[in-house]
Amino acid sequence: MGSNVGEANSPISKITLIGDMLCEPSLLKAARQHDGTYDFGFVFEHMKPLFDSADLVIGNLETPLGNNKKDYVQSLFSFNAPADFARSAKTAGVDIVLTANNHCLDRGMDGLRATLKILDECRLKHTGTFLDGNSRSPACFKVGNNKVAIISYTYGTNFSGNHIQLDDTDLECVNLLRPQDDHYSAAGQSTHKKSLVSALAQRLLTFEQRIWIKRALGREYYTAYADDHLDHNTADPYINKMVADIGKAKKDADIVLLCPHVGGQFNVKPGRFSEYVMKKALDAGCDAIIASHPHVVQKAQILHGVPCFFSIGNFCMSPNSVYLIYDNLPEYGIAVHLYIECGQIVKTSFSVLKVIETKHHPLAVYPASKLYGCLKTQEERERLVEDVGRIVKTVTGCQPLESAICEEYTVLDQSKRRASCLR
């Protein structure tokens, strides 16, 4: 937590939120030490100054945690990370993690409970999944002189892949936005009948292997999609639960943040379901809504004074993952900054982040403003400036006013749509 925490004479407090924190096979391999332990410090080391400038840092932990090395898997779609991943995040300055996301049941309910136990041992606060219904509540913090409540929800738990169906008791352990087995269009799914070859390949090869083959043949291997499926009959009972949580939190907190894990993947345009969740949260009185899951950055808006970020993209996801679609810059994410004074959000800004991973450089996350000074060639610097400009335009709808990369960009009310640098 930043150095300003608890300082009564500090009039403005700052909350920073980062996106999806994944621990994929390449990162797991890079972090393994000679003695069999793991050290992920290199992932976060360049972010520490940015984290230190905040009073509260929030990240989306998109992996279960375990202590049994035999359970660490090599799959890109079913995760399990060492406890050291959480410890490294905590050491770097992350204060709270969101645990309601589509990977929270990758290791079943036992894995969910083990994750919460490890986070408690690491003294890393958490919300979104719970040991039981009695412990289900928003996370509450005193940030400066402000009381802040954080609510975390997920669109689903990858039921179509893991087939883990929560019973009525365990349903209270995961904040869901719709039923686990709710059917909707997903990337790679097709309504057309599969050929015999395709059906056989699906039985004999893993998803990763099929993607590698398609890429080698120059065929489309993954498809961006929007979460356009919206069934009010099935979703509204879950959405109403979220709305009730917001209302309950507002009775005790000055600021209520909703962090939904929702959206289509690799698509810069939010779908109908994301728009609906955002609207219901706004109507319920949220003070800010910061969403994740699409693995790319999407638009942000200030609606009726409320910051609404539809997707802040990745924090640490391997830019070399076989299924990535690079059109919308998945190697970039943003860190959202909310400045709070007297129980109100008085300023909203964001920093652009980039993930770097090469054969000679294990995965590390850089603020773009810091990375610029580390690049060796003018061509690399120009490319970074161009990419950052694209990210800023995606978020704000406008090109940056200056070609230089800034530490933070403001997000202004829709009546004043522009992006500006903070000095």
Side-chain angles (χ1 to χ4, degrees), residues 17-28 31 40 43-44 47 57-66 71-90 92 94 96-108 111-112 114-116 118-119 122 124-129 139 150 152-159 161-162 164 174-177 186-187 227 259-266 274 290-298 309-319 321 323-324 330-336 353 355 357 363 365:
L17 301 97
I18 56 175
D20 299 330
M21 300 164 58
L22 290 88
C23 184
E24 296 168 289
S26 61
L27 178 54
L28 190 66
F40 296 90
V43 175
F44 303 93
M47 293 295 300
V57 178
I58 306 168
N60 176 46
L61 182 66
E62 198 161 1
T63 177
L65 301 170
D71 288 337
Y72 301 153
V73 294
Q74 296 301 309
S75 171
L76 289 173
F77 304 101
S78 181
F79 298 145
N80 190 28
D84 305 273
F85 188 61
R87 294 191 188 101
S88 293
K90 173 68 174 177
V94 177
I96 174 172
V97 291
L98 313 168
T99 55
N101 53 65
N102 57 305
H103 288 285
C104 66
L105 291 178
D106 278 3
R107 307 267 65 82
L112 184 150
T115 299
L116 300 182
I118 288 170
L119 291 174
C122 296
L124 189 53
K125 301 295 185 181
H126 51 84
T127 190
T129 60
I150 303 158
S152 167
Y153 266 79
T154 179
Y155 77 94
T157 59
N158 286 354
F159 173 77
N162 59 38
I164 296 173
V174 181
N175 280 345
L176 288 165
L177 290 167
D227 60 336
C259 299
H261 196 74
V262 66
Q265 290 195 332
F266 305 113
S274 289
I290 317 293
S292 62
H293 177 61
H295 295 310
V296 293
V297 173
Q298 295 181 346
F309 287 78
F310 282 81
S311 173
I312 60 177
N314 295 313
F315 178 72
C316 56
M317 181 182 191
S318 171
S321 287
Y323 64 96
L324 258 60
E331 68 271 32
Y332 288 86
I334 61 174
V336 174
L353 313 178
V355 183
E357 182 187 45
L363 189 152
V365 186

Check your understanding: Would M21 and F85 satisfy side chain to side chain contact (heavy atoms under 4.5 Å, CB included), going step by step from the backbone distance to the final call?
Key -> CA-CA 10 Å; M21 300 164 58; F85 188 61; 4.3 Å; yes

Review point. How far does OH of Y323 sit from NE2 of H295, to the nearest 0.5 angstrom?
Key: 5.0 Å

Practice item. Report the C-alpha distance between S78 and R107 in whole Å, list the side-chain angles of each, state the deciding distance to 0.1 Å, and finish with yes or no for side chain to side chain donor-acceptor pair (under 3.5 Å). Key: CA-CA 8 Å; S78 181; R107 307 267 65 82; 3.3 Å; yes

Point to revise | Validation row: T129, L116 side chains within 4.5 angstrom (heavy atoms) | key: yes

Review point. Rounded to the nearest 0.5 Å, what separation is found between the CG atom of L22 and the CD atom of E62?
Key: 4.5 Å

Exercise for review: Can you measure from SG (C104) to CZ (F79) and round to the nearest 0.5 angstrom?
Suggested key: 13.0 Å

Point to revise | side-chain hydrogen bond (donor to acceptor under 3.5 Å, both in side chains), paired with H261, selected from T154, N175, N101, N102 | key: N102

**Study point:** Atom pair CG/OG of L27 and S318 - distance to nearest 0.5 Å
**Key:** 8.0 Å

Review point. Side chains of T127 and T99: does their closest heavy-atom pair fall under 4.5 Å?
Key: no

Practice item. May I have all residue pairs that pass salt bridge (charged side-chain N to carboxylate O under 4.0 Å, His left out) and include part of residues 76-88, sequence neighbours excluded? Key: D84-R87

Review point. Side chains of P330 and N314: does their closest heavy-atom pair fall under 4.5 Å?
Key: yes

Practice item. Could you go through the side chain to side chain contact (heavy atoms under 4.5 Å, CB included) check for I334 and I18 one step at a time? Key: CA-CA 7 Å; I334 61 174; I18 56 175; over 6 Å; no

Practice item. Applying side chain to side chain contact (heavy atoms under 4.5 Å, CB included), run through D106 and N158 and close with a yes or a no. Key: CA-CA 8 Å; D106 278 3; N158 286 354; 4.2 Å; yes

Review point. Within a strict 4.5 Å, meaning less than it, do heavy atoms of the F44 and V365 side chains meet?
Key: no

Exercise for review: Among T63, N60, L98, find the residue that satisfies the side chain to side chain contact (heavy atoms under 4.5 Å, CB included) test when tested with D20.
Suggested key: N60

Point to revise | Stepwise side chain to side chain contact (heavy atoms under 4.5 Å, CB included) check, L119 with L124 | key: CA-CA 5 Å; L119 291 174; L124 189 53; 3.8 Å; yes

